[in-house]
Colleague: 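To start, I am sharing the structure in question, which I have written as structure tokens.
Side-chain atoms are counted along with the backbone in the values below, which use heavy atoms only and exclude waters and symmetry mates. Along the sequence shown, residues carry numbers from 1. Indexing begins at 1, ligand by ligand and atom by atom, following the structure's order. Since the structure is predicted, the reported quantities are computational estimates derived from the model, not experimental observations.
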Amino acid sequence: MDKHELAAILEEIGTLLTIKGENPFKIRAYHNAARAIESLEEDINKIIEKKALGEIPGIGERLSKKIATIVKTGRLPYYEKLKKSIPEGLLELLKVPGLGGKKIKILYEKLKIKTVKDLLEACQKGKIASLKGFGIKTQENILNGITKIKTYGQRFLWWDAQAIALPLLEKIAAFKDVKKVEMAGSFRRKLETVGDLDILAASKSPLKVINTFIKQPFIKKVISKGPTKASVLLNEGIQVDFRVVSEEEFSFGLIYFIGSKEHNIVIRQMAKKLGLSLSEYGFEPIDHKKPVFPKSYKPTEDEIYKILGLCYMPPEIRENMGEIEAALKKQLPKLVEERDIKGDLHCHTTASDGHSTLKEMVLAAQKLGWEYIGISDHSKSSFQAGGLNEEQLLSQMETIHKLNKSKKFSIHIFSGLECDILKNGKLDFPDSVLKKLDYVIASVHSSFSLDEKAMTARLIKAIENPYTKIIGHVTGRLLLLRDPYKVDLTKVIDACIQNGKIMELNAHPRRLDMDWRYWHHAKEKGLKCIINTDSHFTSDLLHYKAGVNVARKGWLEKKDILNTLPLSKMQSYLKKMG
Ligand SMILES: [Zn+2]
Ligand SMILES: [Zn+2]
């Protein structure tokens, strides 16, 4: 069990206790413990081994025992008993975004709401709005939340799915009869969210492999099983479609199951023109005369594409969005890679709502082998996120200046700011302050419900501010939680290009904003990208990998991305921007 899972359980216990109306101190202890665990640098298993749990602030003796039990056994009888003591429907209510323990308790006590269905009916009758402390706005938010859990259903962020998929793949690779195993499906194409996991293995004895697979302890339920395929539900709640083919079929199967469907339709048509039928099993001559390839033929994916007159296309771009035309002309992009990233300009610290200190962030970036890190805490209007006032900002700049001068760290620290774009498009600080910074990221953190025209004008005004250098998370979406606000992205992109401003690709796995679907066209028009992690913990810096994934989906190359520049070039680029 990792710290995120553990923190989630503690958080849930706190919420369940709230629903039950337990002692607020006890409740707070669980929420505080969850936060403390989330921000741990050291591996939780090691801490338990050293019996050092009690040294974590906010974790007393009783909690230590419970935590050790969860981590060691994956279960906690207390937690299970607690869950059982609450009507099942109420637990489901927790999935509605914006509904916490306190609200659920009131809804249950005052309106006898026990299920999502009850809640929906009460919203439709306007009962929630008239409840004390709720109001029309809350009722609307709850309604939106309900629709959201219905539309999004059980999807997973790619990043969360990865944490499940990669260890799983290793376990399957270790099965005795498995020759090869790879991820396929939308997961392999690095789509930002995935509904299930597709895994393809090669073996001489598929049935044996399937039988081993379905007996694994990580499986909660076998949904269906055949001689070469099994669909199962993992303990984590994600479905896996597992297929086993022969080694000869493996590359054909990979292309087929990686998809996308749209990509596959086009390549099948190309095969047809060559008199071949292409399927997940191989090439067959259409006239059914003699086979074109010997039975033992084991081509690689690359070779299959070559036969079709194409070249290998990385799975990320197999979306039939121009890759086949580009492959025919031998004009495929050389996609950016993780190792190209040299630093990050969007990081928060404990000065605003970050959980790691400035020095911890710098040290973590240095460990990644980067050449620079930019600190960009929130500005004063984001008071809910502990935004900095002028004095605090100037003092942070001074600290950064001194640190750079001291040469204590081998990497350079830029002093930046994530400045709120106010409702009228103005920035949160006067020019006299902004001009002292190395750079300003301008972001929207409030008034999300403006109409499209007003929101577009608001963003363009911020882009035109001479001190804005980067536009942060341009649509404000939170994948699987909150839709993007309404904005005319084409106009915003054009304004960035005209004013020489950089568009952020926010690499937080829940944001991945601006969406990859816009990048290919936008970069051709001249838009510059920066992959920023928007880190609030040192461990968040690793999210740059999620940013690189979607940058690749958006056809971005090293030269399109600003933070692939080495330090000296980055410094002169930012200076040149004014
Ligand atoms: Zn932000
Ligand atoms: Zn941020």
Side-chain angles (χ1 to χ4, degrees), residues 38-39 159 343-358 360-362 364-365 372-389 392-393 396 400 413-423 425-429 434 437-450 455 458-459 462-463 465 467-479 481-485 487 489 492 496 501-515 529-544 546-547 562-563:
E38 223 12 291
S39 56
W159 190 259
D344 181 358
L345 292 193
H346 191 159
C347 296
H348 298 270
T349 71
T350 44
S352 67
D353 63 346
H355 296 262
S356 306
T357 63
L358 197 156
E360 285 166 345
M361 291 305 290
V362 175
Y372 47 86
I373 181 172
I375 302 298
S376 60
D377 273 310
H378 288 286
S379 62
K380 58 181 191 263
S381 284
S382 271
F383 47 86
Q384 76 290 350
L388 272 52
N389 62 28
Q392 292 164 320
L393 182 64
Q396 186 184 60
I400 290 175
I413 315 165
F414 286 109
S415 70
L417 171 72
E418 183 178 19
C419 191
D420 268 35
I421 303 175
L422 306 179
K423 199 173 171 185
K426 285 193 177 152
L427 295 192
D428 200 10
F429 278 118
L434 298 179
L437 292 153
D438 290 327
Y439 67 94
V440 172
I441 303 173
S443 308
V444 167
H445 292 119
S446 60
S447 305
F448 295 128
S449 52
L450 292 186
M455 189 60 97
R458 178 185 185 184
L459 275 162
I463 290 165
N465 183 306
Y467 296 103
T468 299
K469 293 192 180 166
I470 300 167
I471 291 295
H473 47 70
V474 66
T475 75
R477 74 172 180 189
L478 294 176
L479 290 165
L481 283 181
R482 185 172 79 200
D483 288 335
Y485 42 69
V487 61
L489 268 185
V492 172
C496 276
K501 303 299 165 77
I502 307 154
M503 180 70 84
E504 174 177 271
L505 197 175
N506 191 296
H508 193 287
R510 203 172 274 291
R511 292 190 181 270
L512 301 175
D513 186 10
M514 178 167 91
D515 190 294
C529 171
I530 183 159
I531 298 178
N532 279 334
T533 63
D534 202 351
S535 287
H536 287 73
F537 290 96
T538 50
S539 54
D540 288 351
L541 289 173
L542 283 179
H543 290 157
Y544 81 93
L562 203 68
N563 53 329

Colleague: Taking 2.8 Å as the cut-off, does an N/O/S atom of H536 lie below it from the Zn ion (ligand 2)?
Modeller: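 It does not: H536 brings no N, O or S atom closer than 2.8 Å to the Zn ion (ligand 2).
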Colleague: To 10 degrees, how wide is the angle NE2 (H473) to the Zn ion (ligand 1) to OE2 (E418)?
Modeller: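 The angle at the Zn ion (ligand 1) comes to 90°, rounded to the nearest 10°.
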Colleague: Mind telling me whether F448 and Y485 have parallel, tilted or perpendicular rings, with 30° and 60° as the class edges?
Modeller: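 Answer is parallel, since the angle falls under 30°.
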Colleague: Considering all heavy atoms of both residues, which atom of S447 and which atom of K423 are nearest to each other, and what is their separation?
Modeller: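 Reported closest heavy-atom pair: OG-CD, 3.5 Å.
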Colleague: What do you get for the angle at the Zn ion (ligand 2) between OD1 on D534 and NE2 on H346, to the nearest 10 degrees?
Modeller: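 It rounds to 80°.
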Colleague: Under 2.8 Å from the Zn ion (ligand 2), is there an N/O/S atom belonging to H378?
Modeller: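 No, since none of the N, O or S atoms of H378 sits under 2.8 Å from the Zn ion (ligand 2).
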Colleague: Strictly by modelled atom types, are H346 and E418 linked by a side-chain donor-acceptor pair under 3.5 Å?
Modeller: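 Yes, because at least one side-chain N or O of H346 sits under 3.5 Å from a partner of the opposite role on E418.
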Colleague: Checking side-chain polar atoms at under 3.5 Å, does N506 have a donor or acceptor matched by the opposite partner on D513?
Modeller: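 No, no side-chain donor-acceptor contact under 3.5 Å.
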